[in-house]
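Presented below is the structure to which this report refers.
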Protein chains: 2
Amino acid sequence: MPKVSEAYKEEKIRNLVQAAKKVFIKKGYVQTSMQDIMDEAGISRGAMYRYFNNLEHVFLEVLREDDQKDVAFFEVSNDEQIWPQIQRWLEMQQQVIENINQSLLQAKAEFFLTSQQHKDDFSYVSQRYDEITEAIEEVLMLGEQKKEFQLQQSPERISRYMISFLNGLMLDTFQLGMKQTKVQEQLSILCFTLEKLLYKE
Amino acid sequence: MPKVSEAYKEEKIRNLVQAAKKVFIKKGYVQTSMQDIMDEAGISRGAMYRYFNNLEHVFLEVLREDDQKDVAFFEVSNDEQIWPQIQRWLEMQQQVIENINQSLLQAKAEFFLTSQQHKDDFSYVSQRYDEITEAIEEVLMLGEQKKEFQLQQSPERISRYMISFLNGLMLDTFQLGMKQTKVQEQLSILCFTLEKLLYKE
DNA sequence: AAATAAACGACACTGTTGTATATTTTAATG
DNA sequence: CATTAAAATATACAACAGTGTCGTTTATTT
């Protein structure tokens with residue numbers, strides 16, 4: 001406990017972030033207090049505040065950790081047709097949505113929704129939105145280059161369209177459960193419309 | 001021998017609800033306290049608690065009031081073609097989305113997102129979702145009856161699809177502003193895909 | 001055993017809630 | 001029009017939950 005390596009400190013923080021994440025997933029952002037995280041981590045108040053200034057700080061660290069996992073969020077292979085790859089990606093999204101309760105969705109939504117202050121961290125949301133838009137956009141353009149698609153609308157529009165829809169489906173599903181929103185059916189509609197948007201017939 | 005009219009009481013409540021609504025629109029649900037509403041209404045703590053038990057109670061009244069305005073939410077006329085009516089409705093939605101900051105969207109989202117307790121009032125969200133789904137569904141079926149459409153997917157699916165998309169667009173727009181999400185463009189894509197879903201070609 | 005830094009937990013402070021009590025307003029009555 | 005009792009409002013208060021700080025304790029290294 002005294003004089004200790006850098007590695008120890010990092011490890012400690014990683015543990016705390018893990019504990020925090022667990023709590024945030026379970027309780028969302030608004031309902032979570034520092035105390036909850038301390039309890040989950042089995043650590044004292046003083047120790048906690050040695051590593052984090054406040055709850056917002058903790059959450060931002062959790063966010064950072066969570067983001068890293070899907071950096072390589074949409075890897076396209078050039079060897080294969082694009083469309084099947086998109087379809088596979090959509091199936092992945094279905095998995096994501098169906099496990100929405102084990103994700104940070106609620107906490108994130110609450111965090112960015114609740115406080116005007118976070119409009120400063122606004123850049124985060126905004127940036128992430130742009131990143132994803134662009135990633136999808138590129139895939140679409142690639143498909144067009146390869147003469148596989150004939151985009152009926154600009155790739156940017158299509159990309160944003162996909163995101164809006166998926167976001168809506170996620171939140172509705174979180175609120176209402178999968179039975180009511182019928183995730184699979186909805187995604188198959190998205191597929192249907194995407195075909196119309198991507199192909200000339 | 002008692003005093004005071006019924007009408008007075010109702011009027012009073014309506015005023016309080018109005019004041020509360022104003023605050024909720026400005027600050028959302030989570031950041032709003034009873035005090036904020038009392039201040040806005042220029043009323044004392046004691047008076048406020050005579051009419052409402054707690055913040056949740058106030059919010060539910062505000063919700064009720066707000067819902068009434070769009071009861072006749074999607075009136076279809078039988079004389080006219082359905083499709084133009086849907087298009088007009090979508091234009092209305094654009095207005096709604098573009099004025100999203102003057103709406104209760106944030107407060108509602110926060111309210112239903114934040115607290116597990118509200119899973120009891122869950123019925124509200126769930127019910128409303130079903131109502132809207134059914135309303136749209138009926139319009140679609142009417143169009144099919146009139147041989148105007150040839151639905152490429154079940155009306156239920158299409159209806160839910162529309163809602164998911166619009167919800168997503170609303171929340172994204174609230175977060176990011178209209179410039180980034182390009183509401184109009186997005187809605188025109190929705191229109192495009194809807195045509196594909198409604199018509200055989 | 002001296003030095004050091006992590007960990008602990010008590011503490012003071014804040015903002016908010018809901019209630020209890022005091023005061024004012026109201027309209028029916030003599 | 002003065003009286004009066006109930007209703008409406010105002011004010012003060014206790015309780016609480018959460019925050020961030022700070023002096024103290026603990027355990028290891030040198």
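Lettering of chains follows the sequences in order, A, B, ..., and the numbering in each one begins at 1. This is a predicted model, so every value here is computed, not measured.
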Practice prompt. Write down the distance between CE (Met38(A)) and C1' (dA17(D)), rounded to a whole number of angstrom.
Written response: 13 Å
Worksheet entry | Test: Lys27(A) and Glu110(A) ion pair at under 4.0 Å | no
Worksheet item: In whole Å, what is the span from the CG atom of Asn53(A) to the C1' atom of dT19(D)?
Response: 13 Å
Item to complete: Round to a whole Å and report the spacing from CD1 of Ile37(A) to C1' of dG20(D).
Response: 15 Å
Worksheet item: So which one's nearest nucleotide on DNA chain D is more toward 5', Thr32(A) or Gly46(A)?
Response: Thr32(A)
Discussion item. Counting only side-chain heavy atoms from C-beta out, which of dA6(C), dT9(D), dT16(C) sits nearest to Ser33(B)?
Written reply: dT16(C)
Practice prompt. Please state how far atom OH in Tyr49(B) lies from atom P in dA7(D), giving the value in whole angstrom units.
Written response: 22 Å
Worksheet item: Which residue, Ile43(A) or Asn54(B), contacts DNA chain C at a nucleotide closer to its 5' end, judged by nearest heavy atom?
Response: Ile43(A)
Response to the item:
From CD of Glu56(B) across to C1' of dG18(C) the rounded distance in Å is 15 Å
Worksheet item: Given dC8(C), is OP1 or OP2 found less than 4.0 Å from the side-chain N or O atoms of Arg45(A)?
Response: no
Worksheet item: Can any side-chain N or O of Gln150(B) pair as donor or acceptor with the backbone N or O of Tyr199(B) at less than 3.5 Å?
Response: no
Discussion item. Using a heavy-atom cut-off of 4.0 Å across all strands, would you classify Met48(B) as base, sugar-phosphate, or nothing?
Written reply: nothing
Fill in: Length of the line joining Arg50(B):CZ and dA22(C):C1', which is rounded to integer Å
13 Å
Worksheet item: dC8(C) phosphate, OP1 or OP2: any side-chain N/O from Ser44(A) under 4.0 angstrom?
Response: yes
Item to complete: Quick one: sort the Phe59(A) and Phe111(A) rings into parallel, tilted or perpendicular, breaks at 30° and 60°.
Response: tilted
Worksheet item: Would you say a side-chain N or O of Lys12(A) is under 4.0 Å from OP1 or OP2 of dA7(C)?
Response: yes
Discussion item. Over all strands shown, is Phe52(A) touching base, sugar-phosphate only, or nothing at heavy-atom distances under 4.0 angstrom?
Written reply: nothing
Worksheet item: Whole Å only: how far is the NZ atom of Lys9(B) from the C1' atom of dT25(C)?
Response: 16 Å
Item to complete: Round to a whole Å and report the spacing from CG of Leu55(A) to C1' of dA17(D).
Response: 14 Å
Worksheet item: Does the cation-pi check pass for Lys147(B) over Phe149(B), that is, NZ or CZ under 6.0 Å from the six-membered ring centre and within 45° of its axis?
Response: no
Worksheet entry | Residue pair Gln81(B) / Gln85(B), side-chain donor-acceptor N/O under 3.5 Å | no
